[in-house]
Amino acid sequence: MSGTLSFEDLKVRVEEGEVDTVLVCLVDMQGRLMGKRFHARHFVASAWEETHCCNYLLATDLAMATPEGYAATSWRAGYGDYVMKPDLTTLRPMPWLEGTVMVLCDVLDHHTHAEIPHSPRAILKRQLRRLDAMGFDAMMATELEFFLFENSFDELRKQGYRDLAPLSGVNEDYHILQTTKEEHVMRPLRNHLWDAGIPVENTKGEAETGQEELNIKYAPALDTADFHTIAKHATKEIAWQQGRAVTFLPKWSADKVGSSSHVHQSLWKDGKPAFYDPEDDLGMSALMKSYVAGLLKYAADYTYFLAPYINSYKRFQKGSFAPTRIIWSIDNRTAGFRLCGDGTRAVRIECRVGGSDINPYLAMAALLAAGIKGIEEGLELEPPFKGDAYEGSSAHIPHTLRDARAALLASDMLRAAMGDAVIDHYARAAECEIEDFNRVVTDYEVARGFELA
Ligand code: ADP
């Protein structure tokens, strides 16, 4: 339901010549928009029903490689087609591109038209159906942090991503003067997203040179994931239009803080916040306590979905505002799970584990699966941690992608919630990242060992 344009409105706009291009997109495993640009007249005449794409789009990596080892598709299976079925409730203008609208697609089997279980939208929808059966809606918000750079993507690629110069030269946390220097990107970003039906709350400078944060108002989880994906895409495109580059890599320099994507979560019933109990000291209902206990108990199981690459794990550094331990606490930014809005109807839990590289559909689905399991098990919540959570004694968030992959593979909870095939598919994706990284020689190894080894 996240779109703003009805199919009837679109037909009128196409007839009047206002719209000539429709981007027909799926969301890939990495949380990116992939698809085709349709002539709008062809889209409204027939392509609105369905189009097709190569099924490797849900078995590839950031670089569009075709690694072996996926059960869903392979060279042997001939890399056939999926059906891309436009979800017309997601139709919206893309105001930063002339005459252009977009639609998100569900990904279906070419023959049976059943939803492809490892497609990110399908994975989230499955958890939302479980919640619906329990009578709950999930209201979520994701924060997007990223860095802006002086040069363009093309220039930086040609120079091997060296000498990266963030736009603002000083820490710009909440800084109005420094962020004014970035308004040529951020103002059109806020306004274009708003006009695309994405409820932007604000942007602000973050705690590094050139680091910005975009906040979007909380919404039903599927809408939030759509908003996140489109907003991230828009950030890259608008920066590109202005001759700038932007990165969502969680840690692009060892000397800089990382970029995160915190996920705010609350469950609602019949339009009322089911996490709120005015009788409780902190305003937390018993339901919320069990949900949060589930998030804590299963944190290692789902960390992969919050930190899917080798680089994601470089963010988890002491004293960096990124968490290191599986701890919950009240309005405490050193904890992995921070209680926000305590004592009010806005009481919610913020998971601070995810990096700016999350696929929001997968991240939210995994968090919901853990929270639902906590409710089903009627888990008791331990008392909140007080103080510096970096000094806490609770378990550590998995240190590496290898550890997180092992926890994912061994997770009975996620296997039951998402299905064995889905877990094995993403465990293979994690393994591909590890294999690729192990193959290359890094700058660090050369600098460390060239002369001294
Ligand atoms: P922070 O202090 O972490 O930067 P913000 O005050 O910027 O937090 O708000 C974070 C997000 O929480 C916003 O996107 C907001 O829409 C969202 N939010 C507010 N209330 C709820 C709620 N009940 N459930 C989920 N998200 C919520």
Side-chain angles (χ1 to χ4, degrees), residues 2 124 127-128 131 136-146 172-175 179 186 189-190 193-194 197-208 211-232 235 257-278 280 282-285 287-289 291-292 295 306 315 320-323 328-356 358 360 363-365 367-368 370-372 389:
S2 68
L124 179 54
Q127 300 314 307
L128 295 177
L131 265 187
F136 296 114
D137 298 309
M139 298 298 276
M140 314 276 258
T142 54
E143 300 171 18
L144 288 95
E145 289 180 1
F146 50 88
E172 63 183 52
D173 204 16
Y174 295 95
H175 215 293
T179 52
M186 301 309 292
L189 178 62
R190 289 190 303 274
L193 288 177
W194 186 272
I198 296 181
V200 170
E201 287 187 347
N202 56 59
T203 59
K204 66 176 276 291
E206 270 296 319
E208 251 306 347
Q211 193 181 28
E212 286 269 4
E213 177 182 83
L214 169 67
N215 287 299
I216 298 171
K217 190 172 165 43
Y218 68 99
L222 189 62
D223 292 356
T224 293
D226 293 350
F227 293 161
H228 179 115
T229 305
I230 296 164
K232 181 175 171 185
T235 309
V257 304
S259 291
S260 62
S261 184
H262 303 153
V263 184
H264 292 254
Q265 306 158 60
S266 61
L267 296 187
W268 293 56
K269 199 179 192 103
D270 304 326
K272 295 199 190 79
F275 272 9
Y276 179 51
D277 177 356
D280 182 74
L282 294 169
M284 294 173 80
S285 65
L287 179 93
M288 179 175 189
K289 288 179 184 170
Y291 181 97
V292 175
L295 292 184
L306 296 169
R315 225 185 98 239
S320 70
F321 286 111
W328 85 281
S329 190
I330 305 163
D331 192 14
N332 181 339
R333 288 189 169 83
T334 65
F337 299 85
R338 169 182 167 230
L339 184 72
C340 298
D342 52 291
T344 75
R345 281 169 54 85
V347 67
R348 59 191 184 274
I349 193 76
E350 176 195 44
C351 172
R352 299 175 59 82
V353 179
S356 47
I358 57 165
M364 285 193 270
L367 290 165
L368 285 171
I372 292 171

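Whatever order the structure lists them in is the order used to number ligands and atoms, beginning at 1.
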Arg338 contact mode with ligand 1 (heavy-atom cut-off under 4.0 Å): side chain

Lys/Arg N to Asp/Glu carboxylate O, Arg338 vs Asp331, below 4.0 Å: yes

Protein contact of atom 13 (C) of ligand 1 - nearest heavy atom, named by residue and atom, plus distance: Glu201 OE1, 3.4 Å

Reported CG-to-SG distance for the pair Leu306 and Cys351, which is rounded to 0.5 angstrom: 5.0 Å

Subset of ligand 1 atoms that lie under 4.0 Å from at least one heavy atom of Lys217: 16 (O)

Ligand 1 versus His262: contacting region, heavy-atom distance under 4.0 Å: neither

Under-4.0 Å salt bridge between Glu206 and Lys204: yes

Nearest-option assignment for atom 19 (C) of ligand 1, heavy atoms, candidates Phe275, Tyr276, Tyr218: Tyr218

For Met139, atoms of ligand 1 separated by under 4.0 Å from a heavy atom: 24 (N), 25 (C)

Separation of Met284 CE from Lys289 NZ (nearest 0.5 Å): 6.5 Å

Closest protein heavy atom to atom 4 (O) of ligand 1, given as residue, atom name and distance to 0.1 Å: Glu143 OE2, 3.8 Å

Nearest candidate to atom 23 (N) of ligand 1, where distance is taken over non-hydrogen atoms, out of Ala141, Pro273, Ser266, Gly341: Ser266

Heavy-atom gap Arg333 to ligand 1 smaller than 4.0 Å: yes

Spatial distance of atom NE2 (His262) from atom CG (Leu144) [nearest 0.5 Å]: 11.5 Å

Audit row: Glu145, Ser260, side chain to side chain donor-acceptor pair (under 3.5 Å) steps and yes/no: CA-CA 6 Å; Glu145 289 180 1; Ser260 62; 3.1 Å; yes

Check against side-chain contact (heavy atoms from CB on, under 4.5 Å), Phe146 and Lys232: CA-CA 9 Å; Phe146 50 88; Lys232 181 175 171 185; over 6 Å; no

Enumerated ligand 1 atoms positioned under 4.0 Å from heavy atoms of Ile216: 14 (O), 16 (O)

Residue that, paired with Ser259, satisfies side-chain contact (heavy atoms from CB on, under 4.5 Å) out of Arg315, Gln211, Glu213, Glu212: Gln211

Side-chain donor-acceptor contact under 3.5 Å, Glu143 with Ser261: no

Under-4.0 Å heavy-atom contact between protein and atom 26 (N) of ligand 1: yes

Best match, Glu213, Arg348, Arg352, Arg345: closest heavy atom to atom 21 (C) of ligand 1: Arg348

Per-atom contacts of ligand 1 with Glu350, taking only distances under 4.0 Å to non-hydrogen atoms: 3 (O)

